[in-house]
Amino acid sequence: MKWTCSFIFTSRKPPADAETVSQKLMHQAGMIDKLVSGVYSYLPHGLKVLQKVSDIIREEMNKSGAIEILMPALQPASLWKESKRYGKMGKDMIVFKDRHNREMLLGPTHEEVVSDIVRKYVKSWKNLPVMLYQIQTKYRDEIRPRFGIIRSREFLMKDCYSFDRTDLESEQSYFKMKQAYIKIFERCGLAVTIQTADSGVIGGKFSEEFVATGDCAELEIGHIFKLGTDYSEKLHIVYVDKDGNEKPAVMGCYGIGVSRIVAAIIEGNHDEKGIIWPVSVAPFIVTIIPVNMSDSNMVEIANKMYDELQSARIDILLDDREESAGVKFADADLIGIPYRIILGRKLSEGKVEILERKTKKSHDIAIENVKQFLISALKNPA
RNA sequence: CGGGGCGUGGCUCAGCCUGGUUUAGAGCGCCUGGUUCGGGACCAGGAGGUCGGUGGUUCAAAUCCACUCGCCCCGACCA
């Protein structure tokens, strides 16, 4: 991406109404835009981070045997009455009537819907176990949205549901998910602690939450539950076992706040200049900064290097704006791009400077070796 | 929902207490021209707000009063 063709707007100052680091930096870096309290748009490179996090989650979910589906945000209230959870969510649930005067709601979670799907199709012990997941937008009319994206009223969540035949099998599913979660957070560069938690409205027998260890007190970024047969009994999710008897499926559910992960990563990876993205989720891996856009030779080399790295599938941002070097450096720091290639004073010697955002280590590299340097650096990122 | 704070050009804010030289300011950003070109450059010129909204008090309201809308922070709840 070339900056002049992009839609990136940074600002020097954080918005006056932001308190939390991630909230300030996401605004300043131009990743998100607030529409109303607790509701945000993702701007291009904010979306890219969200997508990279989603991809990591998707990969690890698939590896653990979960199968991706996509369920609707719009749900009938009747299903929630059936599961006896209709009143439990209280005002967090956005309920309204459609034109036929039927009570509808915007899904704050999907146990009911996924259960409805499973009970329709799963009939035999041969169909189990199964784990279904989705990455989808949730709606919760939070009492108090806060900390920007960390607690919002509309947010992206990965939710997975396991259906097993026995408690032992369910334990195994739970364990698989727990391992997948550990892997996901590790790949996102997040340090987490796992603690047993109150199951709250979701209910069930046992739950553990994954809490990011950052500056911000919030997050909780993941929560896994052993649900037992509670939902199965209320919603009649049953299968016929080998012995010919109908039995309730044993359920588990596993959530990750995808948008919240993005904020948590920033909370744990930043300095006074801005965000320090781990390579795994950075909106761009490399930025090329020609310090003087009126130097046509420099611009030409920058463009060639951009093409070369682009074709090597390195996610790159060429800062081709007519701005001073200082502005470009400050923006690169703010946005948090892991590697910065500076075309400047050493260009006459055929060299460029490559600076690592995280370690602040600088390397003078011959132009022809840039691609190789980056490829090997990315294999083993700092 | 309870408690606290705040709404003035795109952004950050001053002015409000002690209404009237304010034709409403500053910095940043933006536009034009020029000079710069390795850490948010400089010079010159320019565009842009009726002060969240409504009602009231007054000869006079951004400034006082009432109501209202919105935003942020603390608390109870959640990924």
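Fair warning: this is a prediction, and the values are worked out from it, not measured in the lab. Lettering of chains follows the sequences in order, A, B, ..., and the numbering in each one begins at 1.
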Distance, rounded to the nearest Å, where [X] contributes [atom1] and [N] contributes [atom2]:
| X | N | atom1 | atom2 | result |
| --- | --- | --- | --- | --- |
| A:Glu209 | B:C77 | CD | P | 12 Å |
| A:Arg260 | B:C77 | CZ | P | 14 Å |
| A:Asp295 | B:G38 | CG | P | 10 Å |
| A:Ile261 | B:A79 | CD1 | P | 14 Å |
| A:Ile8 | B:G29 | CD1 | C1' | 17 Å |
| A:Asp141 | B:C1 | CG | C1' | 13 Å |
| A:Arg12 | B:C28 | CZ | C1' | 6 Å |
| A:Gln195 | B:C78 | CD | P | 13 Å |

Between [N] and [M], how far apart are the two [atom1] atoms, rounded to whole Å?
| N | M | atom1 | result |
| --- | --- | --- | --- |
| B:G34 | B:G20 | C1' | 44 Å |
| B:A62 | B:U54 | C1' | 16 Å |
| B:A79 | B:A41 | C1' | 46 Å |
| B:G27 | B:U63 | C1' | 23 Å |
| B:U21 | B:A61 | P | 11 Å |
| B:A24 | B:G48 | C1' | 13 Å |
| B:C42 | B:U36 | C1' | 7 Å |
| B:C71 | B:U8 | C1' | 15 Å |

Using a heavy-atom cut-off of under 4.0 Å over every strand shown, decide if [X] touches base, sugar-phosphate, or nothing.
| X | value |
| --- | --- |
| A:Asp331 | base |
| A:Glu353 | base |
| A:Ile256 | nothing |
| A:Phe225 | sugar-phosphate |
| A:Val36 | sugar-phosphate |
| A:Asn292 | base |
| A:Ala325 | sugar-phosphate |
| A:Pro14 | sugar-phosphate |
| A:Glu19 | sugar-phosphate |
| A:Gly200 | sugar-phosphate |
| A:Ser152 | base |

Watson-Crick or G-U counterpart of [N], or none if no pair lies under 3.5 Å:
| N | value |
| --- | --- |
| B:U12 | B:A26 |
| B:G48 | none |
| B:G40 | none |
| B:A66 | B:U54 |
| B:C71 | B:G5 |
| B:A79 | none |

Q: Check whether the ring centres of A:Tyr40 and A:Tyr42 lie less than 6.0 Å apart, and answer yes or no.
A: no

Q: Check the angle between the aromatic planes of A:Phe7 and A:Phe9 and answer parallel, tilted or perpendicular using the 30° and 60° thresholds.
A: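 Ring orientation of A:Phe7 relative to A:Phe9: perpendicular.
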
Is the shortest side-chain N/O distance from [X] to OP1 or OP2 of [N] below 4.0 Å?
| X | N | result |
| --- | --- | --- |
| A:Arg144 | B:A76 | no |
| A:Gln28 | B:U12 | no |
| A:Lys34 | B:C72 | yes |
| A:Ser37 | B:C72 | yes |

[X] has a side chain; which of [options] sits nearest to it?
| X | options | answer |
| --- | --- | --- |
| A:Ile143 | B:C1, B:C73, B:U12 | B:C1 |
| A:Asp17 | B:C72, B:G39, B:G40 | B:C72 |
| A:Glu142 | B:G39, B:G40, B:C77 | B:C77 |
| A:Pro15 | B:A79, B:U12, B:C72 | B:U12 |

Q. Where do A:Lys63 and A:Glu60 land on the salt bridge (charged side-chain N to carboxylate O under 4.0 Å, His left out) test, with the steps shown first?
A. CA-CA 5 Å; A:Lys63 261 191 230 170; A:Glu60 295 301 329; 3.2 Å; yes

[N] base / [X] side chain donor-acceptor hit below 3.5 Å:
| X | N | value |
| --- | --- | --- |
| A:Ser324 | B:C37 | no |
| A:Asp333 | B:G39 | yes |
| A:Arg151 | B:C77 | yes |
| A:Glu323 | B:G40 | no |
| A:Arg340 | B:G39 | yes |

Checking side-chain polar atoms at under 3.5 Å, does [X] have a donor or acceptor matched by the opposite partner on [Y]?
| X | Y | result |
| --- | --- | --- |
| A:Asp320 | A:Thr4 | yes |
| A:Lys158 | A:Tyr181 | yes |
| A:Glu233 | A:Thr229 | yes |

Q.
Heavy-atom nearest nucleotide on RNA chain B for A:Ser294 versus A:Ser11: which residue maps closer to 5'?
A.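 Between the two, 5'-proximity favours A:Ser294.
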
Q) Mapping A:Phe155 and A:Gly326 onto RNA chain B by nearest heavy atom, which one lands closer to the 5' end? A)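 Result: A:Gly326.
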
**Q.** salt bridge (charged side-chain N to carboxylate O under 4.0 Å, His left out) partners of A:Glu82, counting only residues at least two apart
**A.** A:Arg119

Q | Ion pair check, A:Asp55 and A:Arg58, cut-off under 4.0 Å | A | yes

**Q.** SB check A:Lys360 A:Asp333 (cutoff 4.0 Å)
**A.**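 No, no charged N to carboxylate O under 4.0 Å.
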
Q.
Using the side chain to side chain donor-acceptor pair (under 3.5 Å) definition, which of the options A:Arg85, A:Gln75, A:Lys81 pairs with A:Glu112?
A.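 Answer to the side chain to side chain donor-acceptor pair (under 3.5 Å) test with A:Glu112 among A:Arg85, A:Gln75, A:Lys81: A:Arg85.
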
